[in-house]
Visitor: 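Structure below; questions to follow.
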Amino acid sequence: MKSHAKFQRKLLYILSTAVVVAIIGLGYVLFYPAKKEGFDCSGYLIVDSDAFNFTAGLNSYLLMGDDDKGYFNVSGMVTSNTVTYHVERSYGFSYQRQKDGIYHLTDITMSRRKADSAGDDMMSKVLISPDPDHGRYIKIKELGNAYVLQGVYSPTLMCVQS
């Protein structure tokens with residue numbers, strides 16, 4: 001009879017420990033904020049717009065950091081109305097991830113390197129333009145180790161993780 005009581009105490013101890021561990025695990029899953037995961041990727045953006053008489057071939061690099069800050073770099077050649085320009089610029093921004101892969105970009109700043117000869121108005125029509133009042137919305141969809149970026153007024157870019 002003693003061994004039966006001892007067995008019941010051990011069983012009760014094991015079950016109570018399992019319940020406590022399950023409660024802690026469930027609480028962790030439900031209440032611990034999900035870890036943000038940033039990413040970076042590179043791609044080659046080709047734009048051919050008859051409406052703007054514009055063609056471009058741009059190397060691109062995108063970084064979406066864990067700290068809700070991002071960076072987008074483009075370099076290459078742009079032709080507009082038969083005139084060719086060098087593009088060497090980068091954009092810094094803050095972002096908020098919303099549902100369904102929608103990102104709201106704010107605090108957009110643009111830096112041009114010395115070699116950049118493309119006009120801001122021309123680039124804003126086809127690519128990203130800093131809008132201090134409203135920011136920009138983009139959609140990012142993950143496809144394995146690649147990402148598809150879409151903007152309302154900008155072309156689609158597929159970039160691959162390094």
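Both backbone and side-chain heavy atoms feed into the values below; hydrogens, waters and symmetry mates do not.
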Visitor: Please tell me if the side chains of L62 and C41 come closer than 4.5 Å, counting only heavy atoms from C-beta onward.
Guide: yes
Visitor: Heavy atoms, side chains only, cut-off 4.5 Å: are F93 and Y71 in contact?
Guide: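 Side-chain contact under 4.5 Å: no.
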Visitor: What distance separates L157 CG from S60 OG, expressed to the nearest 0.5 Å?
Guide: 4.0 Å
Visitor: With sequence neighbours left out, what residues match Y44 under side chain to side chain donor-acceptor pair (under 3.5 Å)?
Guide: none
Visitor: Could you check F39 against Y147 for ring pair (Phe, Tyr, Trp, His ring centres under 6.0 Å), going step by step and ending with a plain yes or no?
Guide: CA-CA 10 Å; F39 66 90; Y147 295 88; 3.8 Å; yes
Visitor: Could you grab the distance from atom OG of S117 to atom NE2 of H86, nearest 0.5 Å is fine?
Guide: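 With rounding to 0.5 Å, OG (S117) is 5.5 Å from NE2 (H86).
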Visitor: Give me the atom names and distance for the closest heavy-atom approach of C159 to G43.
Guide: CB-N, 3.9 Å
Visitor: With distance as the sole test, does D66 use its side chain to make a donor-acceptor pair with the main-chain N or O of G38 at under 3.5 Å?
Guide: yes
Visitor: Just so I know, are the side chains of V87 and R112 near enough to count as touching, which here means a heavy-atom distance under 4.5 Å?
Guide: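 Of all side-chain heavy-atom pairs linking R112 with V87, none is under 4.5 Å.
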Visitor: Mind checking whether V74 and N59 have side chains closer than 4.5 Å, heavy atoms only?
Guide: no
Visitor: What distance do M64 atom CE and L105 atom CG have between them, rounded to the nearest 0.5 Å?
Guide: 6.0 Å
Visitor: Answer yes or no: is there an ion pair linking D100 with K141, defined by an N-O contact shorter than 4.0 Å?
Guide: no
Visitor: Strictly distance-based, threshold 3.5 Å: is any side-chain N or O of D40 a donor or acceptor partner for the main-chain N or O of L63?
Guide: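 Answer holds: no.
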Visitor: In Å, rounded to the nearest 0.5 Å, how long is the span from OH of Y103 to CG of L149?
Guide: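 Here the rounded value is 9.0 Å.
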Visitor: Indicate if V83 and V47 have the same hydrophobic cluster label, given that clusters are the connected sets of ILVMFWY residues with side-chain heavy-atom separations under 4.5 angstrom.
Guide: yes
Visitor: Locate the shortest heavy-atom distance separating Y85 from S80; write the atom from each residue and the value.
Guide: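 What the structure gives for the nearest pair is CE1-CB, 4.2 Å.
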Visitor: Would you please test R136 and I108 for side chain to side chain contact (heavy atoms under 4.5 Å, CB included) and show each step?
Guide: CA-CA 9 Å; R136 289 283 181 245; I108 300 170; 3.9 Å; yes
Visitor: Output, in order, the C-alpha distance, side-chain angles, deciding distance and verdict of side chain to side chain contact (heavy atoms under 4.5 Å, CB included) for L143 and M158.
Guide: CA-CA 9 Å; L143 297 172; M158 177 176 264; 3.8 Å; yes
Visitor: Report yes or no: does R89 contribute a side-chain atom to a donor-acceptor pair with the main-chain N or O of D120 at less than 3.5 Å?
Guide: no
Visitor: Looking at R97 and D68, would you say the former's side chain and the latter's main chain have a donor-acceptor pair under 3.5 Å?
Guide: no
Visitor: In this structure, are over 12 heavy atoms from other groups packed under 6.0 Å from H104 atom NE2?
Guide: yes
Visitor: What residues form a side chain to side chain donor-acceptor pair (under 3.5 Å) with T84, not counting sequence neighbours?
Guide: T79
Visitor: To the nearest 0.5 Å, tell me how far T55 OG1 sits from I46 CD1.
Guide: 10.5 Å
Visitor: With hydrophobic residues grouped by side-chain heavy-atom distances under 4.5 Å, do V148 and Y95 end up in a single group?
Guide: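 Different clusters: V148 never reaches Y95 through Ile, Leu, Val, Met, Phe, Trp or Tyr contacts under 4.5 Å.
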Visitor: Ignoring hydrogens and geometry, is there a side-chain-to-backbone donor-acceptor pair from S90 to F72 under 3.5 Å?
Guide: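 No, because the side chain of S90 does not come within donor-acceptor range (under 3.5 Å) of the backbone of F72.
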Visitor: Enter the distance from E88:CD to S75:OG here, rounded to the nearest 0.5 Å.
Guide: 4.5 Å
